[in-house]
Amino acid sequence: MKARVHVTLKTGVLDPQGKAIQHALSQLDFDGVEGVRTGKVFELELTDTDQTHARERVEAMCQQLLANTVIENYDIEIG
């Protein structure tokens, strides 16, 4: 079973990498980009066969390692 975790900064948390990318896009003449927020994606290969159990385990992984829940949100896809 596969799981994909999207981790993004919470609203209001400064994103200097996003600002740098926005600036670079502007320098490359990509107009109309009003904002860029960065994040990360984790793709996990799990041995679980039960989606509920897999989601619970990935949730624990996010809480303990994959996301800094003070400043980041995460979204889990199981499939």
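Qualifying salt bridge (Lys or Arg N to Asp or Glu O under 4.0 Å) partners for R55, counting only residues two or more places apart in sequence or in other chains: none. With sequence neighbours excluded, no residue forms a salt bridge (Lys or Arg N to Asp or Glu O under 4.0 Å) with K19. Listed by chain and residue number, D50, E56 satisfy the side-chain contact (heavy atoms from CB on, under 4.5 Å) test with T52 (two or more places apart in sequence, or in another chain).
In this structure, the side chain of Q22 engages the main chain of V33 through a donor-acceptor pair within 3.5 Å. A distance-only check finds a donor-acceptor pair linking the side chain of D15 to the backbone of T38 [under 3.5 Å]. Without hydrogens or angle criteria, K10 side chain to T69 main chain gives a donor-acceptor distance under 3.5 Å.
Salt bridge status for K40 with E72: present, with a side-chain N to carboxylate O gap under 4.0 Å.
More than 12 heavy atoms of other shown residues, nucleotides or ligands fall within 6.0 angstrom of atom NE2 in H6. Within a 6.0 Å radius of CD in Q63, other residues, nucleotides and ligands contribute more than 12 heavy atoms.
Using a 4.5 Å heavy-atom threshold, the side chains of E43 and K2 count as separate. Counting only heavy atoms from C-beta outward, the side chains of I71 and L9 approach each other to under 4.5 Å. Looking at L25 and V36, their side chains come closer than 4.5 Å, going by heavy atoms from C-beta outward. In this structure, C62 and I76 have side chains that are in contact, with non-hydrogen atoms separated by less than 4.5 Å. No side-chain heavy atom of L66 sits less than 4.5 Å from a side-chain heavy atom of Y74.
Here the closest non-hydrogen pair linking A54 and L46 is CB-CD1, 4.0 Å. For M61 against L44, the heavy-atom pair with the smallest separation is SD-CD1, 3.9 Å. The heavy-atom pair separating G79 from M1 by the smallest distance is O-CG, 3.6 Å.
Distance check, rounded to the nearest 0.5 Å: CZ of R57 to CD1 of I78 gives 9.5 Å. In this structure, L28 CG and I21 CD1 are separated by 11.5 Å, a value rounded to the nearest 0.5 Å. How far CZ of R37 is from OG1 of T8: 8.0 Å, rounded to the nearest 0.5 Å.
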